[in-house]
Every structure is written in structure tokens, then in C-alpha cells.
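Notes for the one structure printed next.
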Number of protein chains: 2
Amino acid sequence: MLSISQAAKVTGLSVKSIRHYEQIGLISAPPRSSNEYRYYPESLIKQLHFIKSTKDAGFNLKESKALLNLSEDNERSSADVKEIALQKIEELEARIKQQQTLLASLKKITKQCHGDKTASCPIIDAFVR
Amino acid sequence: MLSISQAAKVTGLSVKSIRHYEQIGLISAPPRSSNEYRYYPESLIKQLHFIKSTKDAGFNLKESKALLNLSEDNERSSADVKEIALQKIEELEARIKQQQTLLASLKKITKQCHGDKTASCPIIDAFVR
DNA sequence: GATTGACCTTACCCCAAGGGTAAAGGTTAT
DNA sequence: ATAACCTTTACCCTTGGGGTAAGGTCAATC
């Protein structure tokens, strides 16, 4: 049974995050020792590992929760999992595309700026219209 | 002199945003009529337009503030403006790159999932480790 | 036995950039 | 006068925690 700081260390999460996940019901409350300290059995450590992985993969906590539920559901169909993943892929693609558009236009106007001591500035001009 | 909803309409901002910008000191407080309604002179409308443009270009409010200050500073050097823009470009490039990495690995593991009625799922497996 | 440092607890405020809603009051047109 | 719409302040909500305070606990050293 690991203490919360040990759980944080092995999972790569912060102590604060772990408490937070408990508070929002992402993981269930761990058992407490007589001094009210939280202690994490293997099953919870595994869940925390799982959440860390999904977070690293770009999912938010709500999605992590859904994935965690599916991971523990023996009756699941992989189609349900794949749907969540495909949705995230679409979302990522859209976000990337939008940022690429922003980047391109910002680069374009920035290139035209001399970047010297004079006040004349095409970047500012682009925003003034 | 435009009312706040008229100001919102012409700038493309929301009423809520305009009040928010005032509250955080991004724009100065507009004059009020005897009934305490805010009224926006041309100068403020121009500032709001400017902020909308910078926001659309991907800058956050703090950066918008800095750019707005520079836009009104006759003593500015375009180098200062360009520095902010270049910084944002770097930031965008880094974010895009990171998301592309995420996207690539997510696509890779997702492709391996059959997405059928069986429980077997390489996506879940990737998160369990 | 006492102290020290590291750990734990709850509870509160904070970030960005507003959205939503309520309660109250003002304006405009019919 | 009444409806429809506008404005005001004020408060709570969002995401994913970070920071900090005040207090309790534990293990080790003196």
C-alpha cells in the first residue's frame, strides 16, 4: 500500500492531481489508515497509471473517465473505444489545422516587419485595419 | 456613442467580453450616461477592434494588451512588436508539433483496433501497459 | 523524552476568458 | 400601460490543477 506521495512518484502524477481525481469521482476514494492518510492498493495505482497514459495521449479527464470505464468493462465492444479515439483524432486534426492557419498568417505579416528602431510596423498595421 | 450591445455588434466581441476587458484593465472604463449605461466613443471602439484582431491572430489578452500599448506608443520600435510576434510564432510551432506527435501515435494505435463487438482492444492495451 | 524535518489532512484562493443566470431597473414603441 | 428589449451588478461555473495556510502525524536523531 503506497502513500499518496509514493503513488504520485510511481505514476508520474502530482499529489494534488491524485486528490483532485478522487474529488471529481475519476477514481474511487482510497482506504484510509487510522490517521486518515490515504493508502493506494495496486488496483488504484493501476487506474492512476491508466489515467496518466490517457492524459499523455491527449484526452481530457472526462474522456479518461470514459476510457477507464471501458477498460474495466468486460462487456465492452472495441467499437466504443475506437469511437472515442476517432473523435479525438478529428478534434486534434481540426485544432492543428486551425493553428496552422493562424501560424501561416502571423508568419506572413511578421516577415514584413523590419524589426528595427523605427515605429513603422506592418504587424501593428495588420491589427488596426 | 455606441451602447455596449452596439459596440459588441460592430466589433464582433460579446457584451460579456467587453465588460471583462474593462474589468481587467485591458481597456479603460467608458463614460457612462446618467442611467449608468456604458457608452463607447470611437477611440474605444478602435481599441476593441484592435483587440479582436489580435485575439483572432492567436494572442492572449495579456499579449493583446502589450500590442495595444505598442500600437498607441509613438516612440515604439517595430523591433519590440516583432519580438512579441516571433515569440508567438515559436509558441504556435511548438504546440503544433506536440499535437502532431500526439496525433500520430493516437492514429497508429487506433488503426490497429478492429472497432467491432469484441472486447479485445489495442487502444485500451496501449494505455494499460 | 524532545525536537526536527518530512509527510499528511482539509480548506481556501488563484489562473484564462469569459458563459449563464438572477434580480433589479431603464428605454422604446405600440 | 404594457410588451419587448436593453442595461446594471453580482454570483456561480468551466479545466486541471497550483499555491498556501493551519494543523495533525511519523520516523529519526540528539
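Note that this is a predicted model, so its numbers are computed, not measured. Naming convention: chains lettered A, B, ... in sequence-line order (proteins, then strands); numbering from 1 in each chain.
The residue B/I24 sits apart from the nucleic acid: no heavy atom pair falls under 4.0 Å. Residue B/Y39 is out of contact with every strand shown, counting any heavy-atom pair closer than 4.0 Å. Using a 4.0 Å heavy-atom cutoff across all strands shown, A/K62 reaches no nucleic acid atom at all.
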Show the atom names and distances, to 0.1 Å, of all donor-acceptor pairs under 3.5 Å that link a side chain in residues 42-50 of chain B to residues at least two apart or in another chain.
residue	atom	partner	partner atom	Å
B/Q47	NE2	B/E72	OE2	2.7
B/H49	ND1	A/R129	NH2	2.9

Side-chain donor-acceptor contacts of residues 26-33 of chain B below 3.5 Å, not counting sequence neighbours, with atom names and distances?
residue	atom	partner	partner atom	Å
B/R32	NH1	B/E36	O	3.0
B/S33	OG	B/N35	OD1	2.3

Grab the N/O contacts between the protein and nucleotides 26-29 of chain D below 3.5 Å, and write none if there aren't any.
residue	atom	partner	partner atom	Å
D/dC26	OP1	A/N35	ND2	2.8

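Heavy-atom distances to DNA chain D give each of B/K16 and B/I4 a nearest nucleotide, and the one nearer the 5′ end belongs to B/I4.
At a threshold of 4.0 Å, the pair B/R19-B/E22 does not count as salt-bridged, since none of the basic side-chain nitrogens sits closer than that to a carboxylate oxygen.
Comparing D/dG17, D/dT9, C/dG19 against the side chain of B/S17 picks out C/dG19 as the nearest.
B/E93 is linked by a salt bridge (charged side-chain N to carboxylate O under 4.0 Å, His left out) to A/K107, counting only residues two or more places apart in sequence or in another chain. Residues passing the ring-ring contact (aromatic ring centres under 6.0 Å, His included) test with A/Y21: none are found, sequence neighbours excluded.
The distance from the OG atom of B/S71 to the CD1 atom of B/I51 is 9.0 Å, given to the nearest 0.5 Å.
In the helix from C/dG1-D/dC30 to C/dT30-D/dA1, the terminal helix axes, each the rotation mapping four pairs' C1' atoms onto the next four within five end pairs, subtend 30°, rounded to 10°.
Taking only side-chain nitrogens and oxygens, B/R19 never comes nearer than 4.0 Å to OP1 or OP2 of C/dG18.
Rounded to whole Å, atom C1' of D/dG24 lies 14 Å from atom CZ of A/R38.
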